[in-house]
2 protein chains.
Amino acid sequence: MSEQETPKARPAVRTLSDLARIAGVSAGTVSRALAGNSLVNTDTRERIVALARDHGFRPNKMASSLRRQKTDVIGIAIPLGHDSRQQISDTFFITLLGHLADALTERGYDLMLRRVIPERDEDWLDRFIGSGMIDGLLVIGQSDQFDRIEDAADGYLPMVVWGNHAEGQRHCVVGTDNRLGGRIATERLIAGGARHIYFLGDTSAVEFAARYAGAVDAAERLGVTITPLTSHLSSDRLEAEVAANLDRSFEPGDAIFAATDTLAIASLARLKALGIAVPDQVRIVGFDDLPLAAQTTPPLTTVRQEIRAGAFAMVDLLIRRISGEDTESIVMPPHLVGRHSG
Amino acid sequence: MSEQETPKARPAVRTLSDLARIAGVSAGTVSRALAGNSLVNTDTRERIVALARDHGFRPNKMASSLRRQKTDVIGIAIPLGHDSRQQISDTFFITLLGHLADALTERGYDLMLRRVIPERDEDWLDRFIGSGMIDGLLVIGQSDQFDRIEDAADGYLPMVVWGNHAEGQRHCVVGTDNRLGGRIATERLIAGGARHIYFLGDTSAVEFAARYAGAVDAAERLGVTITPLTSHLSSDRLEAEVAANLDRSFEPGDAIFAATDTLAIASLARLKALGIAVPDQVRIVGFDDLPLAAQTTPPLTTVRQEIRAGAFAMVDLLIRRISGEDTESIVMPPHLVGRHSG
DNA sequence: ACACGATTTGCAATCGATTGCAACAAAGCG
DNA sequence: CGCTTTGTTGCAATCGATTGCAAATCGTGT
């Protein structure tokens with residue numbers, strides 16, 4: 001077994017200079033050859049490339065990054081401000097992350113993921129930016145860090161944020177028109193006969209606050225009562241909070257607008273446990289249109305966000321910002337997906 | 001607005017030398033001061049630390065990594081071999097990723113995520129390892145890359161893999177005893193009256209193959225028929241494949257063992273659409289015990305994997321490997337969670 | 001007053017790849 | 001044949017932080 005251990009017991013080619021010595025050229029030439037630089041003679045280049053392959057040589061990325069002042073790595077920060085536990089597992093964020101990974105990989109970037117708990121680390125944004133490890137930064141969700149993000153954006157161009165767009169904000173954001181989404185969800189409920197709407201969500205996150213604001217717009221305009229109920233997204237609290245919030249007597253005309261499909265699905269489960277029929281006794285509308293939303297009983301009526309398109313837009317904007325352009329934000333329209341829950 | 005733009009229009013302290021000049025010391029001293037090295041005078045150190053804070057100075061991590069030959073970054077590779085699209089969104093993998101992020105952050109590591117499509121990139125493992133960007137590597141799922149992982153493990157100690165453990169394998173793995181899990185799932189179905197079991201999953205991934213093997217063990221021993229049906233996990237194919245696989249006439253005694261809760265939940269939805277009652281006409285058992293499993297109708301009977309414990313174990317092993325120890329694999333026992341679907 | 005030890009600081013090499021500039025050779029031109 | 005042009009290659013500086021070793025400072029003991 002240990003004698004087998006040396007199929008390639010060569011001195012190990014670790015650096016450009018090692019390879020250069022073997023090839024009988026200088027390190028500079030090897031560097032240029034591997035970079036496909038046309039300055040080197042074609043024969044030389046092919047010989048060097050072949051040698052590199054044979055010896056399994058890979059240039060050290062740290063050294064390269066240092067010299068070029070470019071890492072080909074994009075940072076992804078997930079602030080867990082208003083909800084410090086485990087928001088990373090929220091299906092929506094994860095789906096977005098998956099698509100971002102797709103888009104970035106396609107463009108030749110690696111991604112460096114960092115969970116951030118702003119309460120414990122005031123300095124998270126500047127630290128990440130200043131580390132020199134990343135060429136650009138994507139922030140997934142503003143959480144309650146809107147102001148800090150604004151501050152950072154003043155001095156750091158290559159940053160794009162997923163979240164809500166506010167009038168006159170300075171950082172570049174991609175997201176859904178949350179207020180409009182809240183409005184159409186609420187209008188749907190009211191059109192279905194709702195007279196009293198409970199909003200389930202955590203309004204200290206700006207995205208959700210905007211959905212709530214939209215709901216209030218519609219409710220007030222149409223003369224319907226609306227009551228906010230705070231429910232967090234962290235998986236360890238979600239069920240209990242939803243249960244507590246729904247432990248009330250519902251009357252005809254009551255309805256629920258959940259800030260998130262995750263919350264809506266938990267509500268569905270809770271109501272079933274309580275023996276309350278959806279949508280007959282209580283109507284529910286969610287937000288996101290996760291794949292799961294179509295599979296619940298009854299299938300969930302929800303407001304769709306275009307996650308994949310959003311992810312690709314974020315990457316596109318970021319890359320333009322990296323090259324110096326000061327891009328505008330993108331606000332995507334939400335679409336109501338009418339199914340059977342509300 | 002643009003006049004406001006310079007609240008701190010100082011020359012910008014970007015390097016150790018910049019700060020050293022301001023502090024009136026040498027770069028070496030600054031480096032030692034910021035590292036908390038006791039060689040420097042306490043007064044000097046405090047002065048330098050304060051100065052660094054005032055100027056928002058952050059040492060360049062690339063330079064540091066290069067010099068120290070240590071990056072404090074752990075790579076996480078997600079091979080999408082047997083299922084190239086979007087496996088990253090599989091809830092199980094994502095949950096694992098979340099916990100890994102927790103554990104690594106706690107230990108002071110950053111994480112670099114890389115989706116890998118081995119078909120398109122033969123060299124993915126050595127490339128990641130050889131890049132010099134990471135101090136260690138976690139691989140989430142062996143997919144169909146078992147042999148390649150074995151090869152790499154011979155020459156690279158700091159690597160831990162989530163997946164299945166095979167007799168005599170050389171790479172360090174953390175995972176559930178999939179074969180045993182498959183067995184107990186199947187025994188449960190048979191105890192409930194099943195005479196013919198359909199296995200839903202993709203046996204080209206070793207983890208799932210082991211679950212199937214366990215199912216076959218139990219079925220053969222107890223004289224029950226078992227039929228494998230190939231269903232992939234990628235979100236774009238999953239529904240159609242499950243639908244196609246379940247588009248058959250079920251007879252009394254038929255049951256389904258889904259390799260994954262995700263598949264089980266999709267099956268539940270499909271059977272409901274077909275008007276087939278669970279568990280009265282067909283019993284179903286899943287695998288993973290995702291949070292969602294408790295919320296389906298009927299609640300899903302499944303085999304639980306301890307994801308969080310597994311994630312922390314992986315990180316623990318990895319860190320010991322980074323410091324040179326050659327750790328053993330960890331195989332965790334699966335637990336049947338009996339609910340109502342099977 | 002001098003030597004010696006303990007602290008503290010500076011100097012300069014180092015990590016490995018990249019790249020501007022100079023050097024050199026070969027080829028083209030008058 | 002001498003001179004310019006084109007094509008290749010080497011040399012050495014550079015990115016920014018770290019660290020072994022030497023040097024400087026201060027204090028103390030004799």
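For clarity, every value in this text was computed on a predicted model and none was experimentally measured. Every chain is numbered from 1, with letters handed out A, B, ... down the list of sequences.
Taking side-chain N and O atoms only, A:Thr44 has a distance below 4.0 Å to OP1 or OP2 of D:dT9. Between D:dA17 and B:Ser64, no contact under 4.0 Å exists linking OP1 or OP2 to a side-chain N or O. Proximity of B:Thr15 to the phosphate of D:dG16: no side-chain N or O atom is located under 4.0 Å from OP1 or OP2. OP1 or OP2 of D:dG10 sits under 4.0 Å from a side-chain N or O of A:Ser26.
A cation-pi arrangement is found for B:Arg114 relative to B:Phe128, the charged atom lying closer than 6.0 Å to the ring centre and inside a 45° cone about the ring normal.
The nearest whole Å value for the distance from the CZ atom in A:Arg47 to the P atom in D:dT8 is 14 Å. Per the geometry, CE belonging to A:Met133 stands 21 Å off P belonging to D:dC15, to the nearest Å. Rounded to whole Å, atom C1' of C:dG10 lies 16 Å from atom CG of B:Leu19. One interatomic measurement links the two molecules: CZ of A:Arg58 to P of C:dA17, which rounds to 13 Å at whole-angstrom precision. Following rounding to the nearest Å, B:Leu39 (CG) and D:dA24 (C1') show an atom-to-atom distance of 15 Å. Rounded to whole Å, the distance from CD on B:Gln69 to C1' on C:dA17 is 13 Å. Here C:dT9 presents its C1' atom at 14 Å from CG of B:Asp43, a figure rounded to the nearest Å. The interatomic distance linking B:Leu16 (CG) with D:dT18 (C1') rounds to 9 Å, in whole Å.
A donor N or O paired with an acceptor N or O is found under 3.5 Å between the base of D:dT14 and the side-chain atoms of A:Arg67. One can find a donor-acceptor pair under 3.5 Å joining the base of D:dG10 and the side-chain atoms of A:Arg32.
Within 4.0 Å of A:Val25, counting heavy atoms only, lie sugar-phosphate atoms of the nucleic acid but no base atom.
In the set C:dG16, C:dT9, D:dT9, C:dT9 carries the atom at the smallest distance from any side-chain atom of B:Asn41. With D:dG10, D:dT18, C:dT18 as the candidates, the nucleotide lying closest to the side chain of A:Arg68 is C:dT18.
With respect to the salt-bridge test (charged N to carboxylate O, under 4.0 angstrom), the residues A:Asp43 and A:Arg47 do not qualify.
Residues passing the side chain to side chain donor-acceptor pair (under 3.5 Å) test with B:Asp326, sequence neighbours excluded: B:Arg321.
Nearest-nucleotide mapping onto DNA chain C: of B:Leu66 and B:Gly28, the residue sitting toward the 5' end is B:Gly28. With DNA chain C read from its 5' end, the first of the two nearest nucleotides for B:Thr29 and A:Lys61 is the one closest to B:Thr29.
Applying the side-chain contact (heavy atoms from CB on, under 4.5 Å) test between A:Pro79 and each of A:Val139, A:Leu125, A:Asp121, A:Val161 identifies A:Val139 as the sole match.
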Worked verdict on B:Asp123 versus A:Arg58 for side-chain contact (heavy atoms from CB on, under 4.5 Å): CA-CA 11 Å; B:Asp123 200 27; A:Arg58 293 158 216 298; 2.9 Å; yes

